[in-house]
A.B. asks: 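This is the structure, below, for whatever I ask next.
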Amino acid sequence: MLHPLPEPVADAWDASRAAEAWHEGFYPLGAVVQLPGGLRGEADKRAWDIGNFDLNGKLPGAEPGSARVT
């Protein structure tokens, strides 16, 4: 038998102001933007930081495959 506490806790969360704020906001769990690999030095990093850096390369294609979700 499952413990009876999780259900009232979940119900209290769903009705809380915190849950409302969570559902309406954007809360990244990690860095929003990550530096690309292959920067050659400080000049490249500065260019990336101020938005003067373009990545000009081919992206790898997606290989077909199968997946199983359990």
Side-chain angles (χ1 to χ4, degrees):
M1 178 175 196
L2 295 175
H3 194 281
L5 183 60
E7 189 173 333
V9 170
D11 291 342
W13 167 256
D14 289 339
S16 72
R17 289 182 61 205
E20 182 181 341
W22 177 264
H23 290 294
E24 291 179 2
F26 174 66
Y27 301 94
L29 300 177
V32 177
V33 176
Q34 297 178 2
L35 284 174
L39 297 179
R40 295 169 295 190
E42 264 318 296
D44 283 357
K45 186 176 180 316
R46 276 194 311 277
W48 174 263
D49 288 342
I50 63 174
N52 290 336
F53 191 92
D54 291 323
L55 296 176
N56 294 322
K58 267 191 165 177
L59 295 176
E63 295 186 23
S66 62
R68 180 176 179 190
V69 178
T70 58

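Note that the structure is a prediction, hence the values are computed from the model and not measured.
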A.B. asks: Scan for salt bridge (Lys or Arg N to Asp or Glu O under 4.0 Å) pairs involving residues 8-18, sequence neighbours excluded, and state none if there are none.
C.D. replies: none
A.B. asks: With sequence neighbours left out, write down each residue that passes ring-ring contact (aromatic ring centres under 6.0 Å, His included) with Trp22, or none if nothing qualifies.
C.D. replies: Tyr27
A.B. asks: Taking only residues two or more places apart in sequence or in another chain, which ones pass side-chain contact (heavy atoms from CB on, under 4.5 Å) with Ala19?
C.D. replies: Trp13, Ser16, His23
A.B. asks: Could you list all the salt bridge (Lys or Arg N to Asp or Glu O under 4.0 Å) pairs where at least one residue sits in residues 23-34, not counting sequence neighbours?
C.D. replies: none
A.B. asks: Quick test of your reading: applying salt bridge (Lys or Arg N to Asp or Glu O under 4.0 Å), list the pairs with at least one residue in residues 31-45, sequence neighbours left out, ordered by first then second residue.
C.D. replies: Arg40-Asp44, Lys45-Asp49
